[in-house]
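In this text, all values refer to a predicted model and were calculated from it rather than measured experimentally. Position 1 is the first residue of the sequence, and the numbers go up from there.
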Amino acid sequence: MKPVETGQFGHHRGDGSDHKCCSSSRSSCSNPRATLCPSSSASAIATRISLLIVCAFTIFLVFFCDDYTEHATTSRNVLLMHDHPASTREQKPAELELQENSAKLTSSCKGRLVYVYNISEVYNREFVRECASFKKGRDLCMYMENLGMGRGFGFGVDHGGPVGGESEQGPWYNTWQFALELYFHERLLRHPCVTERKDLATAFFLPYYAGMDLSRRFTHRLAKDELYMNLGKWLQGRESWKLREGRDHFMVLGRIASDFHREGGDRDWGNRMLRQKAFKEMVVVAIEHTYGRFREGASIDNEIAIPYPTYFHASSDGEIQSLIAWLGQGLQRVSLATMAAGQRSPSTNKMRYRLMTQCGDDPRCTLLRCVGHESSSSLPDQIGNISSSMKLEGKTLDVPCNNPQVLLNAMHQSEFCLQPPGDSPTRRSFFDSMLVGCIPVIFHREAAWSQYVHHLPENGESYSVFIPMALAIKSNVLNILSEIKESKIKEMRANIAKLIPRILYARLSESPTGKSNSADQTLDAFDIALDQVLKRITSRQS
């Protein structure tokens, strides 16, 4: 299956080059018996048959062409590849566009212009439209709302959270941990340094939602290499890619990079997209860089790890300051530690099982056991009436995996949040805990310290606690944490407060201006990531 370009049907024009009429008027399809030039009967019959064929073909075009074209555009089996200025931006006269791009070159966008490929929606927005089914058995539509930030929820003072926010909705959204492909795409389309001219661009962004495609193909048992292989072939035919073989291109992965270095057949998780020539030299932005055995042969230097999205999307600096003030409140921290995780057997994840057992048996710890899955809608009776005033110390609760209010309240009541590795070293919960001032406790340096080097300081001990896996396996982790001095805890929480703006993703508005309040100058996680992408690409060109 190959990408095809849009085209038009061609047909015989009947311009008189094949025969000449005795009459000054030409034959037409509406009058197939029109007078013809004198000729032999065989020639006349042949001419009439030709005219009838032309008429029949014309009727076919009129009645069936539109339906065919529409089907070809939407069918998964025919991928219409195009690369015009993005449909979300109005077409501009060439003179105006040139003036605008010239202005960008002399302003803060000089050397930072980004071209966004406008590829077929089969590769991106179709997943959003099919949110109820692209991941089999999971309705993820609530996560696609608000341009990828997810459905808003209340978490103001009445819910135990900070001031509601300056926007009508407030800053709280139930954001899917794998939603950054959609968020980045929308954010870039609203960025002031996006250009519609390839010749002026420093970087080229490919808006392929590879993580969503991987989920769809795995859960529906589809050929998992089909879509990205077709996209790769198309991309390698672009002059913009050929110039540097993709070294000035970048893409965002909503999942961990290792998922795109995996071997195996269609029934195994992951694929080998990042091993393909079209993508191998790109700068890859992902929530976790390639780790372990997948690093062999991988282009690690091309990867940039960025924070998982949290539930907080500020529309102003004022909302960020309100959050920082709230997380600094120490009177509510009645638990030594909180752990929120799905139950695993000892054979599957020995570290997680041991920590959950320790936490569940210790009155100093709050254990939230994740039940259901990311699209579960019902709430167990035992948490239906939980309020911010309820002390959760020592409690073990079965909590839906997508209930942010209970999670945030529990973490805000705790000094430390245990962050053992799951299927990979990193966890979204690491950033959720920082969001509410709960000091993250990690057991592997790749859980954060060696990952998010552009967003977090080099000294990981300034904002988190590291307990080596070997020590945690044979010791009581809660006893270790209880020995940390109060002065050290306050110092780490103060450092977390300083880092908050760097791990947040700003609120997106429907307007084409990017952040909700463009007057605010605070750089967020997106700004830092894009800056690192451009630095990486520029360094390759020197």
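- Geometrically, R255 engages F178 in a cation-pi contact defined by less than 6.0 Å to the ring centre and at most 45° from the axis.
- To the nearest 0.5 Å, atom NE2 of residue H412 and atom SG of residue C417 are 11.0 Å apart.
- Between D213 and M273, the closest side-chain pair of non-hydrogen atoms is not below 4.5 Å.
- Classification of the Y308-F431 ring pair by plane angle, with boundaries at 30° and 60°, yields tilted.
- Judged purely by distance below 3.5 Å, without hydrogens or angles, the side chains of T310 and D432 never pair a donor atom with an acceptor atom.
- Taking SG of C370 as the start and CG of D398 as the end, the distance is 9.5 Å to the nearest 0.5 Å.
- Judged as a ring pair (Phe, Tyr, Trp, His ring centres under 6.0 Å), and not counting sequence neighbours, the contacts of F184 are F526.
- Of the possible donor and acceptor atoms, one in the side chain of S433 sits under 3.5 Å from a partner among the backbone N and O of F430.
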Practice problem: Quick one: do L397 and L367 satisfy side-chain contact (heavy atoms from CB on, under 4.5 Å)? Show the steps, please. | Solution: CA-CA 6 Å; L397 299 173; L367 177 62; over 6 Å; no
Quiz item: R129 and E121: salt bridge (charged side-chain N to carboxylate O under 4.0 Å, His left out), yes or no, with the steps?
Solution: CA-CA 10 Å; R129 290 193 294 268; E121 293 189 351; 2.6 Å; yes
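- Rounding to the nearest 0.5 Å gives a distance of 8.5 Å between OG of S133 and CG of D139.
- Two residues are said to be in side-chain contact when any heavy atoms from C-beta on lie closer than 4.5 Å; Y311 and Y173 fail this criterion.
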Self-check item: Full working for side-chain contact (heavy atoms from CB on, under 4.5 Å) between L355 and F443
Solution: CA-CA 11 Å; L355 287 176; F443 305 89; 3.5 Å; yes
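- From N146, atom CG reaches atom CZ of R507 across 7.5 Å, with rounding to the nearest 0.5 Å.
- With hydrogens and angles ignored, the 3.5 Å screen pairs a side-chain donor or acceptor of E303 with a backbone N or O of T290.
- Applying the side chain to side chain donor-acceptor pair (under 3.5 Å) test between Y209 and each of H185, E181, R216 identifies H185 as the sole match.
- Ring geometry for Y208 against Y123 counts as perpendicular: the plane angle is over 60°, on a 0 to 90° scale with 30° as the lower cut.
- Salt bridge annotation for E186-R125: present, with a cationic side-chain nitrogen under 4.0 angstrom from a carboxylate oxygen.
- Taking the six-membered ring where the residue is Trp, F204 and Y115 present tilted rings, their angle falling between 30° and 60°.
- Summarising the geometry of L499 relative to H455, their closest heavy-atom pair is CD2-O, 4.4 Å, with the distance given to 0.1 Å.
- Each salt bridge (Lys or Arg N to Asp or Glu O under 4.0 Å) pair with one or both residues in residues 445-458, not counting sequence neighbours, would appear here, but there are none.
- Aromatic rings of Y117 and H249 (six-membered ring for Trp) have centroids within the 6.0 Å cut-off, being under it.
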Exercise. Just do the side-chain contact (heavy atoms from CB on, under 4.5 Å) check on T175 and Y143 with the steps written out, would you?
Key: CA-CA 6 Å; T175 307; Y143 296 118; over 6 Å; no
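- Using a 4.5 Å heavy-atom threshold, the side chains of D527 and D524 count as touching.
- Judged by distance alone, the side chains of Y505 and R187 never bring a donor and an acceptor atom under 3.5 Å apart.
- M212 places a side-chain heavy atom less than 4.5 Å from the side chain of L182.
- Annotation for N476 and L478: closest pair OD1-N, 3.0 Å, computed over non-hydrogen atoms.
- Taking each heavy atom of M356 and A341 in turn, the nearest pair found is CE-O, 3.6 Å.
- Counting only N and O atoms by type, the side chains of S315 and E319 include a donor and acceptor under 3.5 Å apart.
- A 6.0 Å sphere centred on OH of Y353 holds no more than 12 heavy atoms belonging to other residues, nucleotides or ligands.
- Note that CG of L274 and CG of N302 are 9.5 Å apart. Values are rounded to the nearest 0.5 Å.
- Nearest heavy atom pair, residue I496 against residue Y463, reads CD1-O, 3.6 Å.
- Residues R138 and S215 have side chains not in contact (no heavy-atom distance under 4.5 Å, counting atoms from C-beta outward).
- Not a single donor-acceptor pair under 3.5 Å links the side chain of R364 to the backbone N or O of L336.
- Among the candidates Q419, Q177, E288, the single residue satisfying the side chain to side chain donor-acceptor pair (under 3.5 Å) test with R427 is Q419.
- A distance-only check finds no donor-acceptor pair linking the side chain of E415 to the backbone of I439 [under 3.5 Å].
- Contact annotation: the side chain of V114 never approaches that of V533 to less than 4.5 Å [non-hydrogen atoms, C-beta and beyond].
- F279 does not carry R272 over the face of its six-membered ring by the limits of under 6.0 Å from the centre and within 45° of the normal.
- With no hydrogens or angles considered, no side-chain donor-acceptor pair links Q413 and S335 at under 3.5 Å.
- Between the NE2 atom of H289 and the CD1 atom of I306 there is a distance of 13.0 Å, given to the nearest 0.5 Å.
- Partners of R536 according to the salt bridge (Lys or Arg N to Asp or Glu O under 4.0 Å) rule, which considers only residues two or more places apart in sequence or in another chain, do not exist here.
- Within the 4.5 Å cutoff, no side-chain heavy atoms of M339 are placed close to those of F416.
- A donor-acceptor pair is defined here as one N or O able to donate and one able to accept, closer than 3.5 Å; no such pair exists between the side chain of N174 and the backbone of R151.
- Between L456 and M434 the shortest side-chain heavy-atom distance falls below 4.5 Å.
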Exercise. Please lay out, stage by stage, how L140 and M142 fare under the test side-chain contact (heavy atoms from CB on, under 4.5 Å).
Key: CA-CA 6 Å; L140 302 177; M142 67 176 175; over 6 Å; no
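- Heavy-atom minimum distance, P307 versus R502: CG-O, 4.4 Å.
- Across every non-hydrogen atom of I287 and I256, the tightest pair is CG1-N, 3.9 Å.
- Under the 30°/60° scheme for interplanar angles, the aromatic rings of W172 and W326 are found to stand perpendicular.
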